[in-house]
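In this chain, residues are counted from 1 in sequence order.
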Amino acid sequence: MASATQPVCVLTPEEAAQRRRAVQSALGSLRIEGMELEPDEREILERHARGEIDLAAMHAEMDAYIEAHL
């Protein structure tokens, strides 16, 4: 079983860079709109960028976080 610090998938350097750019782009878009993510939300994105969770898990965790904080 993978721990929270082990990637669930091995990312190539190109894939890791692409995920990092996607995260930075999303955060920049939010900032332009005057919004910021909470630290826990940012950590979910960072875990995806590091390959610790896949896209489906990232969406599920974000949905659960948002639902819990409405």
Side-chain angles (χ1 to χ4, degrees):
M1 180 192 287
S3 75
T5 59
Q6 289 181 317
V8 294
C9 61
V10 177
L11 301 176
T12 66
E14 294 80 18
E15 290 168 325
Q18 182 179 16
R19 284 187 182 195
R20 174 69 42 220
R21 283 189 304 271
V23 166
Q24 294 305 318
S25 177
L27 293 173
S29 293
L30 287 170
R31 242 179 244 116
I32 287 170
E33 296 297 326
M35 296 181 280
E36 291 285 336
L37 292 181
E38 294 296 325
D40 290 340
E41 293 171 304
R42 286 185 66 118
E43 181 55 27
I44 294 168
L45 289 180
E46 292 297 329
R47 289 177 50 228
H48 173 67
R50 291 189 301 260
E52 295 171 14
I53 57 175
D54 62 16
L55 188 60
M58 182 192 75
H59 283 292
E61 288 188 28
M62 280 295 213
D63 288 346
Y65 181 88
I66 292 165
E67 186 67 28
H69 293 86
L70 287 178

Discussion item. Tell me the closest heavy-atom pair linking E15 and V10, and the distance in Å.
Written reply: OE1-O, 3.9 Å
Worksheet item: Is the CZ atom of R42 crowded by more than 12 outside heavy atoms at less than 6.0 Å?
Response: no
Validation: residues 22-40 side-chain donor-acceptor distances under 3.5 Å, sequence neighbours left out:
| residue | atom | partner | partner atom | Å |
| --- | --- | --- | --- | --- |
| S29 | OG | S25 | O | 3.1 |
| R31 | NE | E36 | OE2 | 3.0 |

Side-chain donor-acceptor contacts of residues 61-70 below 3.5 Å, not counting sequence neighbours, with atom names and distances?
| residue | atom | partner | partner atom | Å |
| --- | --- | --- | --- | --- |
| E61 | OE1 | R47 | NH1 | 2.6 |
| E61 | OE2 | R47 | NH1 | 3.3 |
| E61 | OE2 | R47 | NH2 | 3.3 |
| H69 | ND1 | Y65 | O | 2.7 |

Response to the item:
Closest non-hydrogen atoms of L45 and M58, given as atom of the first, atom of the second and distance, are CD2-SD, 3.6 Å
Item to complete: Could you pull out all residues at least two apart from E43 that satisfy side chain to side chain donor-acceptor pair (under 3.5 Å)?
Response: R50
Practice prompt. Report yes if some heavy atom in the side chain of H59 is under 4.5 Å from a heavy atom in the side chain of L55; otherwise report no.
Written response: yes
Discussion item. What I want to find out is whether E46 reaches R20 closely enough, with some N-O distance under 4.0 Å, to be called a salt bridge.
Written reply: yes
